[in-house]
Amino acid sequence: MSIYIIPFFAALIGWLTNKITIFFLLRSFSGRQQQLADQTGEFVATQLFSFDDVRQQLADPEKIKSMIPVVEAHMDTFLREKLPEAMPVFKMFIGDSTIQQVKKVLVAELDNMFPEIIDQYLQRTQKELDVRAIVSRKISTISAGQLKNLITVSLRRELRLAGIAGAAIGFFLGLLQLWIALHHNN
């Protein structure tokens with residue numbers, strides 16, 4: 001009768017083997033965290049992140065035009081409140097229609113300047129921004145426990161399937177051994 005336990009024992013061994021393997025695999029991340037961080041940073045910088053895509057999004061004329069009302073509101077506050085506070089004489093010579101005209105000319109000029117200013121800023125930022133180093137630093141500062149939990153939570157389904165697969169393969173091999181043992185005795 002104990003011979004019929006073989007498939008169940010083999011399933012337990014298969015499941016346990018996969019669990020132990022996964023445990024040691026997750027544990028090895030803490031020792032190789034910097035290497036993982038560097039490799040991930042390199043991957044993100046070369047394969048996932050495109051500064052040209054970012055520049056294209058930020059320099060989109062529609063996005064720039066959407067900033068004009070905000071600029072216009074700040075300019076209105078500046079011309080009506082802050083400039084007269086700093087230069088009281090300004091208020092005596094400049095009326096509402098002049099403020100509107102100045103604002104209209106400045107807004108039109110800013111509308112023309114924004115794409116160039118934004119593009120120059122983004123070009124300089126692209127030269128100074130090291131995506132690889134940022135990603136690497138962020139990953140390397142994550143604690144080993146947090147990293148293990150992140151991987152465990154992210155791959156929960158796959159890890160559970162690996163355990164089940166180990167048990168199923170073990171069970172199948174146990175059935176094969178049982179079949180061989182039963183046929184060998186006959």
Side-chain angles (χ1 to χ4, degrees), residues 7-75 77-78 82 107 109-174 176:
F8 298 103
F9 187 66
L12 178 63
I13 290 172
W15 177 81
L16 196 55
T17 301
N18 279 8
K19 286 294 187 183
I20 290 170
T21 302
I22 291 167
F23 170 78
F24 281 114
L25 180 66
L26 291 175
R27 191 168 168 216
S28 73
F29 278 118
S30 62
R32 300 177 60 200
Q33 186 170 354
Q34 188 59 51
Q35 180 185 5
L36 175 68
D38 292 342
Q39 288 173 341
T40 304
E42 184 66 28
F43 179 75
V44 169
T46 59
Q47 304 296 318
L48 298 180
F49 184 82
S50 166
F51 207 89
D52 289 333
D53 290 343
V54 172
R55 183 187 300 141
Q56 193 174 23
Q57 288 288 320
L58 294 177
D60 177 23
E62 289 303 314
K63 287 190 171 93
I64 292 172
K65 287 202 183 300
S66 72
M67 294 185 322
I68 296 298
V70 175
V71 171
E72 195 170 348
H74 282 285
M75 198 176 303
T77 301
F78 173 76
K82 294 182 180 180
V107 166
E109 186 61 27
L110 286 174
D111 190 29
N112 292 329
M113 289 172 37
F114 274 164
E116 184 179 333
I117 291 169
I118 290 171
D119 190 57
Q120 286 179 7
Y121 173 75
L122 292 173
Q123 284 180 21
R124 192 175 77 235
T125 302
Q126 183 176 7
K127 290 176 187 172
E128 297 170 2
L129 185 68
D130 187 354
V131 173
R132 186 204 59 74
I134 292 169
V135 172
S136 177
R137 184 176 52 249
K138 293 282 187 180
I139 291 174
S140 65
T141 59
I142 297 173
S143 75
Q146 287 174 314
L147 188 58
K148 180 182 172 189
N149 286 341
L150 175 67
I151 292 169
T152 303
V153 168
S154 298
L155 299 175
R156 177 178 286 136
R157 182 173 178 264
E158 289 80 2
L159 295 173
R160 189 174 33 247
L161 285 175
I164 292 169
I169 291 169
F171 187 76
F172 174 74
L173 291 174
L176 185 62

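Atom NE2 of residue His74 and atom NZ of residue Lys82 lie 8.0 Å apart, to the nearest 0.5 angstrom. Taking CG of Leu26 as the start and OG1 of Thr152 as the end, the distance is 4.5 Å to the nearest 0.5 Å. Here Leu25 contributes atom CG and Asn18 contributes atom CG; the two are 11.5 Å apart, rounded to the nearest 0.5 Å. To the nearest 0.5 Å, atom CD of residue Glu109 and atom CZ of residue Phe114 are 11.0 Å apart. Here the straight-line distance linking atom CE of Met75 with atom CD of Glu72 works out to 7.5 Å at 0.5 Å rounding. Note that CG of Asn149 is 8.0 Å distant from OG of Ser143, once rounded to the nearest 0.5 Å.
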List, one per line, each side-chain donor-acceptor pair under 3.5 Å for residues 155-168, sequence neighbours excluded.
none

Show which side-chain atoms of residues 37-46 pair as donor or acceptor with protein atoms under 3.5 Å away, not counting sequence neighbours.
residue, atom, partner, partner atom, Å
Asp38, OD1, Gln34, NE2, 2.9
Asp38, OD1, Ser136, OG, 2.6
Thr40, OG1, Leu36, O, 2.8
Thr46, OG1, Glu42, O, 2.8

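Other residues, nucleotides and ligands contribute over 12 non-hydrogen atoms within 6.0 Å of the CD atom of Glu128.
At least one side-chain heavy atom of Met67 sits under 4.5 Å from a side-chain heavy atom of Ile118. Side-chain contact between Gln120 and Glu116: present, with at least one pair of heavy atoms (C-beta onward) separated by less than 4.5 Å. Val135 places none of its side-chain heavy atoms less than 4.5 Å from the side chain of Phe49. Side-chain contact between Gln56 and Asp52 is absent, with no heavy-atom pair separated by less than 4.5 Å.
Checking Asp119 against Gln123 by side-chain atom types alone, a donor-acceptor pair falls below 3.5 Å.
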Leu129/Ile134 under side-chain contact (heavy atoms from CB on, under 4.5 Å): CA gap, chis, key distance, verdict: CA-CA 9 Å; Leu129 185 68; Ile134 292 169; 3.5 Å; yes
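Taking each heavy atom of Ile139 and Gln33 in turn, the nearest pair found is O-NE2, 2.9 Å.
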